[in-house]
Colleague: 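Have a look at this one.
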Amino acid sequence: MENVLNTDVVCQIGLVVNDIIETGKNYSKFFGVELPPILDSGEDRIVKGEVFGERSDASCKLMFFDLANIQLELIQPDDKPSIWRNLLDEKGEGLHHIAFQVKDVDKKIKKLEEEGMNVVQTGNYADASGKFVYIDARDKLKTIIELLTSF
């Protein structure tokens with residue numbers, strides 16, 4: 001059986017939240033670590049986000065907990081249309097995605113689309129060092145998959 005992504009290493013779990021400060025404090029206490037800084041998703045001119053194939057300036061606040069074997073990402077979206085906002089409004093707070101670091105992201109997208117899993121949101125990292133791609137895999141895998149690739 002073929003491994004579609006050529007990896008089985010989950011590098012990140014992302015959660016959508018209503019209050020990044022409160023949730024961050026709770027995770028900080030839970031893990032016994034300092035509260036990470038709150039980051040902005042980045043300037044629109046760099047991120048160049050797309051949601052469902054349409055240009056979007058949706059943004060979010062981010063907080064990253066770098067744990068021993070995985071990164072936990074907290075995402076507090078603004079009110080503009082995005083897969084973050086959609087999931088938060090539809091399902092409430094909780095799991096948003098599992099992420100994989102990949103090479104040849106366009107080939108991976110094509111393979112996933114052949115399996116009926118489609119791109120729902122894309123953008124560049126805030127520092128323009130890479131790209132994120134959210135794939136709607138909820139029908140088959142019960143979650144969104146994020147592909148991360150560095151330039």
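Hydrogens, waters and symmetry mates are skipped; everything else that's a heavy atom, side chains included, is used. These numbers were taken from a predicted model, which means no experiment stands behind them.
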Colleague: Nearest 0.5 Å, what's the CG-CG distance between D79 and L88?
Modeller: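 So the CG of D79 and the CG of L88 are separated by 9.5 Å.
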Colleague: Identify each donor-acceptor pair in which a side-chain atom of residues 126-134 lies under 3.5 Å from a protein atom, sequence neighbours left out, and give them as a table.
Modeller:
unit_1: D127; atom_1: OD1; unit_2: S129; atom_2: N; d: 3.0
unit_1: D127; atom_1: OD1; unit_2: S129; atom_2: OG; d: 2.6
unit_1: D127; atom_1: OD2; unit_2: S129; atom_2: OG; d: 3.3
unit_1: Y134; atom_1: OH; unit_2: W84; atom_2: NE1; d: 3.0

Colleague: With a 4.5 Å cut-off on side-chain heavy-atom distances among I, L, V, M, F, W and Y, is there a chain of contacts connecting L87 to I145?
Modeller: no
Colleague: Measure the CD1-OG1 distance between I135 and T143 for me, rounded to the nearest 0.5 Å.
Modeller: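 Result: 12.0 Å between the selected atoms.
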Colleague: Mind jotting down which residue pairs meet the side-chain hydrogen bond (donor to acceptor under 3.5 Å, both in side chains) criterion with at least one end in residues 20-35? Sequence neighbours excluded, please.
Modeller: none
Colleague: Hydrophobic clusters here meaning ILVMFWY residues chained together by side-chain heavy-atom distances under 4.5 Å, can you tell me if L147 and F52 are in one?
Modeller: no
Colleague: Do M117 and K111 have side chains that get closer than 4.5 Å, going by heavy atoms?
Modeller: no
Colleague: Run the side chain to side chain contact (heavy atoms under 4.5 Å, CB included) test against I38 and tell me which residues pass, sequence neighbours left out.
Modeller: I20, I21, K61, M63
Colleague: Using the side chain to side chain contact (heavy atoms under 4.5 Å, CB included) criterion, which residues pair with R45? Sequence neighbours excluded.
Modeller: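 Side chain to side chain contact (heavy atoms under 4.5 Å, CB included) check on R45 returns E43.
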Colleague: So, for L5 and L112, which heavy atoms are closest and what is the spacing to 0.1 Å?
Modeller: CD2-CD1, 4.0 Å
Colleague: Is L39 reachable from L35 through a run of I, L, V, M, F, W or Y residues, each pair having side-chain heavy atoms under 4.5 Å apart?
Modeller: no
Colleague: Quick one: CZ on R138 to CD1 on I144, what's the gap to the nearest 0.5 Å?
Modeller: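 Between atom CZ of R138 and atom CD1 of I144 there are 5.0 Å.
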Colleague: The test is side chain to side chain contact (heavy atoms under 4.5 Å, CB included); show your working for V119 and E113 and say whether it passes.
Modeller: CA-CA 8 Å; V119 173; E113 286 176 339; 4.0 Å; yes
Colleague: Less than 4.5 Å apart, side chain to side chain, heavy atoms only: is that true for R55 and D44?
Modeller: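 Heavy-atom side-chain distance check passes, below 4.5 Å.
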Colleague: Do the non-hydrogen side-chain atoms of H96 and I83 ever get within less than 4.5 Å of each other?
Modeller: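 Result yes, sub-4.5 Å side-chain heavy-atom pair found.
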Colleague: Should V17 and F30 be counted in the same cluster of Ile, Leu, Val, Met, Phe, Trp and Tyr side chains packed under 4.5 Å apart?
Modeller: yes
Colleague: Of all heavy-atom pairs between F31 and L72, which one has the smallest distance, and what is that distance?
Modeller: CE1-CD2, 3.9 Å
Colleague: State which residues pass side-chain hydrogen bond (donor to acceptor under 3.5 Å, both in side chains) with D66; sequence neighbours excluded, sorted by chain then number.
Modeller: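 So D66 forms a side-chain hydrogen bond (donor to acceptor under 3.5 Å, both in side chains) with Q71.
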Colleague: For N86, give me all partners under side-chain hydrogen bond (donor to acceptor under 3.5 Å, both in side chains), at least two apart in sequence or on another chain.
Modeller: none
Colleague: Nearest heavy-atom pair of S41 and L62: which atoms, and what distance?
Modeller: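 Reported closest heavy-atom pair: CA-CD1, 4.0 Å.
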Colleague: Check for me, please, whether V4 and L141 land in the same ILVMFWY cluster - side-chain distances under 4.5 Å, paths through other members count.
Modeller: yes
Colleague: Measure the spacing between CG of L74 and CG of D19 and express it to the nearest 0.5 Å.
Modeller: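 It is 10.5 Å, given to the nearest 0.5 Å.
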Colleague: Which heavy atom of E115 sits nearest to which heavy atom of K140, and what is that distance?
Modeller: O-NZ, 2.6 Å
Colleague: Is there side-chain contact between E73 and I13, with heavy atoms separated by less than 4.5 Å?
Modeller: no
Colleague: Assess whether atom CZ of F151 is packed by more than 12 heavy atoms of other residues, nucleotides or ligands within 6.0 Å.
Modeller: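 Atom CZ in F151 is crowded, with more than 12 foreign heavy atoms closer than 6.0 Å.
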Colleague: Who pairs with N6 by side-chain hydrogen bond (donor to acceptor under 3.5 Å, both in side chains), at least two apart in sequence or on another chain?
Modeller: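 For N6, no residue satisfies side-chain hydrogen bond (donor to acceptor under 3.5 Å, both in side chains) once neighbours in sequence are set aside.
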Colleague: The criterion is side chain to side chain contact (heavy atoms under 4.5 Å, CB included); which residues satisfy it with K80, sequence neighbours excluded?
Modeller: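 Partners of K80 under the side chain to side chain contact (heavy atoms under 4.5 Å, CB included) test: D57, A58, D78.
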Colleague: Taking side-chain hydrogen bond (donor to acceptor under 3.5 Å, both in side chains) as the definition, give me every residue that meets it alongside D89, ordered by chain and number, with sequence neighbours left out.
Modeller: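 If we apply the side-chain hydrogen bond (donor to acceptor under 3.5 Å, both in side chains) test to D89, skipping adjacent residues, the hits are R85.
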Colleague: Taking atom CD of E54 as the centre, does the number of heavy atoms from other residues, nucleotides or ligands within less than 6.0 Å exceed 12?
Modeller: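 Not more than 12 within 6.0 Å, no.
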Colleague: Show every donor-acceptor pair shorter than 3.5 Å between a side-chain atom in residues 100-110 and any protein atom, with sequence neighbours excluded, or say none if there are none.
Modeller:
unit_1: Q101; atom_1: NE2; unit_2: L148; atom_2: O; d: 3.3
unit_1: Q101; atom_1: NE2; unit_2: S150; atom_2: OG; d: 3.3
unit_1: K108; atom_1: NZ; unit_2: K103; atom_2: O; d: 3.3

Colleague: When rounded to the nearest 0.5 angstrom, what is the spacing between CD in Q121 and CG in D136?
Modeller: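 Going from the CD atom of Q121 to the CG atom of D136 covers 11.5 Å.
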